[in-house]
Every structure is written in structure tokens, then in C-alpha cells.
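A, B, ... follow the sequence lines: proteins, then strands. Residue 1 opens every chain.
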Number of protein chains: 2
Amino acid sequence: MSSLSREIEKYLKTLLENAHNGVIEVQRSTLSGFFECVPSQINYVLSTRFTPAHGYIVETRRGGGGYVRIIRLNINSNNKLKILFDEIIGSELTQNQSEGLLEYLRKEDYLTRREAILLKNITSENVLAGSLPKNMDTLRAQILQSILATILREDI
Amino acid sequence: MSSLSREIEKYLKTLLENAHNGVIEVQRSTLSGFFECVPSQINYVLSTRFTPAHGYIVETRRGGGGYVRIIRLNINSNNKLKILFDEIIGSELTQNQSEGLLEYLRKEDYLTRREAILLKNITSENVLAGSLPKNMDTLRAQILQSILATILREDI
DNA sequence: TATTCAATGGTCAAGTATGGTCAGAAAAGA
DNA sequence: TCTTTTCTGACCATACTTGACCATTGAATA
């Protein structure tokens, strides 16, 4: 059972796929009308799935003729990779953010599908389990275990 | 008399049999409703019968539209990996050991050269730095940093 | 020009829908 | 009986949805 947010996300990403320059413009009210939800639902989707960490920038404008513009970042054109790198140094990333970033790197073909899955699993809660492991060697074992499990998967 | 846990286990494994790619998705609440038990019973079954050691990976998501995804591992054809896997469970690995293991996986063509490098860097002392990071989000940032650094390398 | 106001979009907190954890009770097995 | 496994329920964490109220913009109007 997919959530509304996921539907809206999918819809927007389809629009972006079909846009030649990786930019789309929509109206918040129109979108929310289409999906029969409150307008702020759109904001929720944007703020959880179209952040810079996910590889997107959102620009908006209020008032008459207002709009929501979603821009998919393209690494090649503006050295985004190095910028990302700098931004991430010394920072913290939630699972959602790191997942988004890996997905982005995948989409930009900096990672293969398998690489992305490997890395996503490693940075997931299950591996970096809720509580911090006692020491680095334990953590390493958990990571290697995750790697082996991924290699063993039938569906990739 | 078969226990409820065994029933649930059997049920899930039947579903997996009928799934094409060894992956199924269920909802915890639906399942517990079906078997008329408390939701946490499902967790019990998952954690006692669908662990990586048993040949399964479980991925979950909370919140609206949440799910429990069970992925069957392909252990039949890969005895060597399975043995390795069992050895690692609950153990600890020094950097040297994990590097050796990755090297082995590379040599046996379970990993590409690039994958091996990515993973080796992640499990190196520099990333999983001597002292444990303050929290998971910090650790994730360190890992992503390492990934980006590897991607940026021109020699692979 | 200054003011007003309709048309947009933004924020935030509360409510709902999932799933997770853990400790102790109950049941089963040795 | 003693131990292990199973079951239960109270409490927790995360993700999604909704609605009341706020802010900005541009066009119409005074």
C-alpha cells in the first residue's frame, strides 16, 4: 500500500524524467487538487524527497502566477560532487539523507545499481544498528556481514 | 501441536515460494490481525527465523504505508560464502581481517575491483576512525564522505 | 503613488498510521 | 524441575496527513 507522499514523489519524478533540461514547474494548489490533498502535503513531499541531499533544488514564488520549480542537479555541469563532498565533511546524515544521496549518485551513474544497494544497506539502521556497536571491530563485522548478505541476494 | 510462531513462519515461507524473485512484502499489523496475535509476535518470528544466518534479510519501514520486506538469500549455490557468513556473525573483525576478506571476495569475483575498493575504504581506520563517532548520523556522514572520495578518484 | 486585496505559497503543531523494543508471564520441552 | 521458547502488553520511534494561521506578490483601485 503506497502512501500518498510516495505517489506524489513518483509523479514529480516522472515529470522530471520527461523534462529535457531536468527542470519542471508546477503549482502547489493544482498539484494538491490533482491528488486531492491539502496543499501542505506538497511541501511535505518536497522537504522529505527533493532536498539538495537528494540531488534537487526547489525554488518557489508566491502570489499571483506563483509556482514551484524543481531542478534536478546535474553533477557534471556544476561540480556538484565536490560541493557535496565539502558539505558532508564533518556533518551528520540521517538514514533518509544518506539513502537519498546514494540514490542520486546512482541516477547520475556514479554508482552501479549493485554498488548503490551495497552501500545503502551498510548505512541502514539495521547495520548501523540503533545503538552504537561496542567497538570498531564489531562494527566492521556487521558491515562485512551486510556485504555478504547483499552478494547472496537472489533479486539482484 | 505447532506453535503460532511456526505457523507464521510456514505462512511466510509459502509466500516466498510463490514470489518470483524471493522477495515478499507484508504489513505487520495485517499479519498479526490474520493470525490474531499481538504485532510484536511478528517481530519475534522475524528475529528468530528470518535472520541473515537463516538466509534472509528483512527490511522495514514505519509510518503510513509502512511495510515489512523479506528477502531470501541464495545460499544453496554458494556454500563458501555461507560458511564465511556464519563465521562473521556476532564476531569482530580487525581492519586487517576485513581487508583480507574483501580481497578474497574480490579474487573470487564476488566483488568488482571498484566495489572492493569502495568497501575497503569504508572499513578502513580512517573512516571508522579509532574512536567511535558520537552517533550514527556522524558515522554515516563519514562513510558517505569515503564513498564520494572514492568516486572522485580518477584512477578507477 | 499608495492602498487594497485576491492569488499564491510557507510553517508548524496536532493527529494518525505504521513498525520496534523490551521485560516479564506462560507454555513447551528436556 | 529446570531451561528454552513463545507470547503478551506497555511504551517508543518514525513516517505521513491535515488544518489553522502566516507571508509574499502583483494587479486593481483609490
- Task: Remember a base hit wins even if backbone is also touched, and classify B:Arg49 as base, sugar-phosphate or nothing at under 4.0 Å, heavy atoms.
- Result: sugar-phosphate
- Between C:dG19 (P) and B:Arg69 (CZ): distance, integer Å: 13 Å
- Query: For A:Glu36 and D:dG19, what is the distance between atoms CD and P respectively, to the nearest whole Å?
  - Reply: 13 Å
- Least distance between heavy atoms, A:Tyr56 atom then A:Lys107 atom: OH-NZ, 3.4 Å
- Quick one: is D:dC7 close enough that its OP1 or OP2 comes under 4.0 Å of any side-chain N or O from B:Tyr44? no
- Task: Find the distance B:Asn43:CG to D:dT5:P and express it as a whole number of Å.
- Result: 18 Å
- Return no unless some side-chain N or O of B:Ser29 is found under 4.0 Å from OP1 or OP2 of C:dA17. no
- Any B:Arg61 side-chain N or O less than 4.0 Å from OP1/OP2 of C:dG20: no
- Query: Should the heavy atoms of other residues, nucleotides or ligands under 6.0 Å from CD of B:Glu108 be counted, would the total exceed 12?
  - Reply: yes
- Query: From the list C:dG19, D:dT25, C:dG9, which nucleotide is the closest neighbour of the side chain of A:Arg62?
  - Reply: C:dG9
- A:Ser3 has its side chain closest, among C:dG10, D:dC16, D:dC7, to D:dC16
- Item | Residue whose nearest DNA chain D nucleotide is more 5′ - B:Ile8 or A:Ser5 | B:Ile8
- Item | Side chain of A:Gln41 - closest among C:dG20, C:dG10, D:dC16 | D:dC16
- Message: Looking at the base of C:dG20, is there any donor atom on it, or on the side chain of B:Arg28, that sits under 3.5 Å from an acceptor on the other one?
- Response: yes
- Any N/O donor-acceptor pair, A:Ser40 side-chain to D:dG19 base, under 3.5 Å: yes
- Message: For B:Val45 and A:Val38, find the nucleotide of DNA chain D closest to each by heavy atoms; which residue's nucleotide sits nearer the 5' end?
- Response: B:Val45
- Note on the structure: Rounded to whole Å, the CD1-P distance (A:Ile42 to D:dC16) equals 14 Å
- Item | B:Phe35 and B:Tyr11 aromatic ring geometry - parallel, tilted or perpendicular at 30°/60° bounds | perpendicular
- Task: Could you check how far CD of A:Glu59 sits from P of D:dT24, rounded to whole Å?
- Result: 18 Å
- Item | Minimal non-hydrogen separation, A:Thr48 against A:Asn96, with atom names | O-OD1, 3.7 Å
- Rounded to whole Å, CG of B:Asp137 lies from P of D:dA13 at a distance of 15 Å
- Query: Can you check the A:Glu9 CD to D:dA15 P distance for me, whole Å?
  - Reply: 13 Å
- What's the CG-P distance between B:Leu46 and C:dT18, to the nearest Å? 17 Å
- For B:Leu4, report the nucleic acid contact type (base, sugar-phosphate, nothing); a contact means any heavy atom under 4.0 Å. sugar-phosphate
- Task: Using only heavy-atom distances, determine whether the side chains of B:Ser5 and B:Gln41 contain a donor-acceptor pair under 3.5 Å.
- Result: yes
